Amino acid sequence: MAILVFDIGGTAVKYGVWENDTLTRKHRFSTPKTWEEMKQTLLQVKKEVEKDTKIDGAAFSSPGAVNQEKRVIEGASAVPYLHSFPIYAELEEAFGCPVSFENDANSAALAEIWKGAARGLKSVLLVVVGSGIGGSIVMNGEVQHGKHLFGGEFGFALMAETETFSDLGTAVGMARRYCRRKGLAEDAVSGEEVFQLAEEGDAVAQEEAETFYYYLSKGIFNLQYSFDPERILIGGGVSNKPDLLEKLDEQFDKILDVVQIAPFKPEVAVCTFQNDANLVGAVYNFLKKRNERRENLR
């Protein structure tokens, strides 16, 4: 079977075809401004692919709180027109085939469970470190969406008196703090540049990098002892940093010096999939939902 798969983001929509256990024909287009424009572009992609490939279904990774039971996308996101209407039904009618949706962070976690750094594991947390912190909770092999579909929204956790995990545990937040202390425009220096400045001996950059590593490790430590997963995965741009796991391990040692009753450090790994994670996970979600439908019909 061939599955047309899309990953909808705030600035671009990535897509490809899953066939013979491989993701092929990968492309992207800029995220349209309206739903009608989006729908027409999606149909245009499907029409082009179907010139030589029969499509059996369409799998989507999207922002927002995907309510798979009600078949709508709730909440809010950078693509506001996706929310609060029967998006499944409308696309299934337009595409003429089954459609599935899953939240982007949950899709990334499913990719790792299926074919990545969490393969064979049943309980895993994914911490996505981007402009904020999001993630996913997988227990007994199933994504835990939560009562309000906010499962995995770790960035809301209050880490200091007025600052959240997203404020303190991201490279974006680190760069903002550095710029404020240096009297620069808020976006004058990137997180990557702060790391480079720290390596070159800039004292303020070193302090802010230390703060970043401390709060990221503190958040991960708290998640470990809240959910006790087999492994915690880190995704997002910062996961490409070669010394990330070493730096976190150093911070875990410091935390264990304080919380001496804690018997072990979290097991942390970086994600196998990077740019294709949401696409691969969306395929897995589609296949899983298809199998569930077949079981219900027996």
Side-chain angles (χ1 to χ4, degrees), residues 3 5 7 14 16 18 21-23 59-63 66 68 100-130 132-146 149-155 157 165 169-170 216-249 251-252 262-292:
I3 302 169
V5 53
D7 175 25
K14 295 184 289 186
W18 184 267
D21 209 34
T22 304
L23 186 62
F60 288 83
S61 162
S62 80
V66 177
Q68 298 194 31
S100 70
F101 275 85
E102 181 55 283
N103 166 268
D104 42 19
N106 290 335
S107 294
L110 290 173
E112 299 298 329
I113 286 281
W114 189 26
K115 293 179 177 292
R119 189 170 185 173
L121 302 182
K122 291 293 185 181
S123 59
V124 176
L125 301 186
L126 170 65
V127 178
V128 181
V129 185
I133 288 183
S136 181
I137 303 165
V138 179
M139 292 290 164
N140 297 317
E142 299 285 343
V143 171
Q144 304 300 301
H145 296 94
L149 303 178
F150 268 62
E153 292 292 351
F154 309 130
F165 196 7
T170 64
L216 181 56
S217 64
K218 181 179 179 180
I220 290 171
F221 179 88
N222 290 344
L223 291 172
Q224 177 65 58
Y225 280 91
S226 297
F227 294 94
D228 197 21
E230 296 169 87
R231 187 171 298 159
I232 295 179
L233 304 179
I234 301 179
V238 76
S239 66
N240 293 319
K241 201 169 185 302
D243 62 349
L244 176 66
L245 297 183
E246 178 186 343
K247 295 289 189 183
L248 292 178
D249 195 64
Q251 294 295 333
F252 290 144
F264 62 89
K265 289 187 282 190
E267 181 181 324
V268 181
V270 297
C271 291
T272 298
F273 295 103
Q274 295 294 332
N275 292 332
D276 292 342
N278 296 356
L279 293 168
V280 174
V283 170
Y284 179 72
N285 179 62
F286 179 92
L287 295 174
K288 194 167 181 295
K289 295 303 175 186
R290 183 198 62 174
N291 292 339
E292 288 174 2

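Being a predicted model, the structure only gives us computed values, none of them experimental.
- Closest approach of Gln224 and Pro229 over heavy atoms only: NE2-O, 3.2 Å.
- For the residue pair Asp104/Ser61, the side-chain donor-acceptor check at 3.5 Å is not satisfied.
- Glu112 places a side-chain N or O within donor-acceptor distance of the main-chain N or O of Thr272, the cut-off being under 3.5 Å.
- Taken from CD1 in Ile234 to CG in Leu245, the straight-line distance is 6.0 Å, to the nearest 0.5 Å.
- The 12-atom threshold is not exceeded at CG of Asn275, counting heavy atoms of other residues, nucleotides or ligands nearer than 6.0 Å.
- In terms of the side-chain hydrogen bond (donor to acceptor under 3.5 Å, both in side chains) criterion, Arg290 has no residue partners (sequence neighbours excluded).
- For the pair Leu126 and Gly235, the tightest heavy-atom approach, listed with the atom from each and the gap, is CD1-N, 4.0 Å.
- The distance from the CZ atom of Phe252 to the CZ atom of Phe264 is 11.0 Å, given to the nearest 0.5 Å.
- Smallest separation of non-hydrogen atoms from Gly219 and Phe165: CA-CZ, 3.5 Å.
- The distance from atom OG1 of Thr170 to atom CG of Leu216, rounded to the nearest 0.5 Å, is 9.0 Å.
- Here the side chains of Val124 and Ile113 are in contact, with some heavy-atom distance below 4.5 Å.
- Ring geometry for Phe101 against Phe60 counts as parallel: the plane angle stays under 30°, on a 0 to 90° scale with 60° as the upper cut.
- Residues Leu223 and Val127 are in side-chain contact: their nearest non-hydrogen atoms beyond the backbone lie under 4.5 Å apart.
- Annotation: side chain of Val268 is not in contact with side chain of Arg231 (no heavy-atom distance under 4.5 Å).
- Here the closest non-hydrogen pair linking Ser239 and Val270 is O-CG1, 3.6 Å.
- Listed by chain and residue number, Val5, Asp7, Lys14, Leu23, Asp276 satisfy the side chain to side chain contact (heavy atoms under 4.5 Å, CB included) test with Leu279 (two or more places apart in sequence, or in another chain).
- Put simply, the side chain of Ser136 reaches to within 4.5 Å of the side chain of Val143, judged on heavy atoms.
- Here the closest non-hydrogen pair linking Ile133 and Gly169 is CD1-O, 3.5 Å.
- Glu230 contributes a side-chain N or O that, together with a main-chain N or O of Ser123, makes up a donor-acceptor pair within less than 3.5 Å.
- Gln68 is linked by a side chain to side chain contact (heavy atoms under 4.5 Å, CB included) to Val66, Tyr88, Glu102, His145, Asn285, Lys289, counting only residues two or more places apart in sequence or in another chain.
- Considering only residues two or more places apart in sequence or on other chains, Asn240 meets the side-chain hydrogen bond (donor to acceptor under 3.5 Å, both in side chains) condition with none of them.
- For the side-chain hydrogen bond (donor to acceptor under 3.5 Å, both in side chains) test, no residue two or more places apart in sequence or in another chain qualifies with Gln144.
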Kindly determine whether Phe154 and Ile137 satisfy side-chain contact (heavy atoms from CB on, under 4.5 Å), including the steps that lead there.
CA-CA 10 Å; Phe154 309 130; Ile137 303 165; 3.8 Å; yes
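- Ala262 is linked by a side chain to side chain contact (heavy atoms under 4.5 Å, CB included) to Phe221, Tyr225, Leu256, Val259, counting only residues two or more places apart in sequence or in another chain.
- The distance from the CZ atom of Phe273 to the CG atom of Leu110 is 11.5 Å, given to the nearest 0.5 Å.
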Pair Lys241, Asp243 - check salt bridge (charged side-chain N to carboxylate O under 4.0 Å, His left out), show working.
CA-CA 6 Å; Lys241 201 169 185 302; Asp243 62 349; 2.7 Å; yes
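- Minimum heavy-atom separation, Leu125 to Phe227: CD1-CD1, 3.9 Å.
- Note that CG of Asn106 and CG of Asn278 are 10.0 Å apart. Values are rounded to the nearest 0.5 Å.
- Judged by distance alone, the side chain of Asn140 and the main-chain N or O of Glu142 form no donor-acceptor pair under 3.5 Å.
- Glu153 contributes atom CD, which lies 7.0 Å from atom CG of Asn103 (distance to the nearest 0.5 angstrom).
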